[in-house]
Each structure stands twice: as C-alpha cells, then as structure tokens.
Amino acid sequence: RDASKANANPIDLTCSIKNILSAEGRTQCETECSYAACCKESGRWSCQDKSEKYCDQMKACDVLERISRTKAANAGIEVPHAAGNIEAVCSKQAVSSFSGRSACDSACVFGVCCFDADENTSCRSSNEDACKSYDACSVMFDDRGP
C-alpha cells in the first residue's frame, strides 16, 4: 500500500484502535506492552532513562490505559464530542498514509466505545450526539482500508 508502512513501528499497528477492538488484538497489544511496563515506572524500577528510544517507540501502549478507562466507565460515561477537524483528520486521503492513520487513531480514541458492537460495552445509546461526532472514525474500522 504505502511505503511508510515498511518503516512503521510494529507496536503502532498492534495497538491501533482497530486492532484492540477485537479480543485477540487487545491481547496481542497487552502482551507486547507488558514488556514496556518499566517505561511507566518511576524510581529504581524505571527504564525510561536507560531505554528512552525504546520507551518512545512504546507510546502506542498508552491507548490501553485510555481504552480501559473508557470501558470501565461505559455504564455512565459521558463521551466528549470529537474535535472539530476530525473529518479532515480522518478523511480517506488523510488515512492513506501511516502517519495519517496514526493521527486519526489518536483523534478517535475517546469515541471507540461508540463503535463497540457489544451492547454491554457500547456507549452509543447513552451518548448518541457525541458518538455521531465520531462518525468520520468509521474509516478506521473499514476492513477494505482507505
């Protein structure tokens, strides 16, 4: 597809929103990110100062924390409205590059529960207006790609 994917950080793909919406994908991301736990630690358990480049590469793991907070609170979560530029950030043209997909991924993270097919974890019914503002994110879940 695009040459930038050849140089892409594999953890960015493993921990993309689209991938972690499936149980298998989330498990893959959690497994890969478990090796980077020291990046979040402080004091003597931290590896941030010794492995700064590695820890920078593992920033995609942050999505697990954001998604966990969202999933845990879905019963009464109030989804914030998407950024006003989300349609441009997530346009088919924008997501045709790896960096564009990454930007769309980040813009959509707080609306992930809107796309959850499981009624027990979906937040769409209690956040209809806010979820509509994330409609442009559907490009991230389209198996045909951009």
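Note that this is a predicted model, so its numbers are computed, not measured. All residue numbers refer to positions in the sequence shown, counting from 1.
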Let me see the working for V79 and C113 under side-chain contact (heavy atoms from CB on, under 4.5 Å), right down to the final yes or no. CA-CA 9 Å; V79 175; C113 63; 3.7 Å; yes
Roughly how far, to the nearest 0.5 Å, is CE of M58 from CG of D12? 9.5 Å
Distance col, row I11:CD1 vs Y54:OH, nearest 0.5 angstrom, shows 7.5 Å
Kindly compute the distance separating SG (C108) from CZ (R101), expressed to the nearest 0.5 Å. 10.0 Å
Passes salt bridge (charged side-chain N to carboxylate O under 4.0 Å, His left out), R124 versus D135? Steps please. CA-CA 11 Å; R124 187 170 273 283; D135 283 350; 3.7 Å; yes
Non-hydrogen side-chain atoms of Y134 and V112 separated by less than 4.5 Å: no
Any non-hydrogen side-chain atom of C33 less than 4.5 Å from a side-chain atom of T14? no
Test item: V139 and C104 side chains (from C-beta on) under 4.5 Å apart, heavy atoms: yes
All side-chain contact (heavy atoms from CB on, under 4.5 Å) counterparts of C38, not counting sequence neighbours: C47
Sequence neighbours left out, what passes side-chain contact (heavy atoms from CB on, under 4.5 Å) with N85? Give chain and number order. A83, V89
Gap between atom OG of S16 and atom CE of M140 - 0.5 Å precision: 6.5 Å
Separation of SG atoms, C61 and C15, below 2.5 Å: no
For the atom pair CD (E30) and CD (Q28), what is the distance rounded to the nearest 0.5 Å? 11.0 Å
Starting at NE2 of H81, measure out to SG of C131 and round the result to the nearest 0.5 Å. 9.0 Å
Are C137 and C90 close enough that their SG atoms are less than 2.5 Å apart? no
Mind checking side-chain contact (heavy atoms from CB on, under 4.5 Å) for A94 and listing every partner two or more places apart, or none if nothing turns up? S91
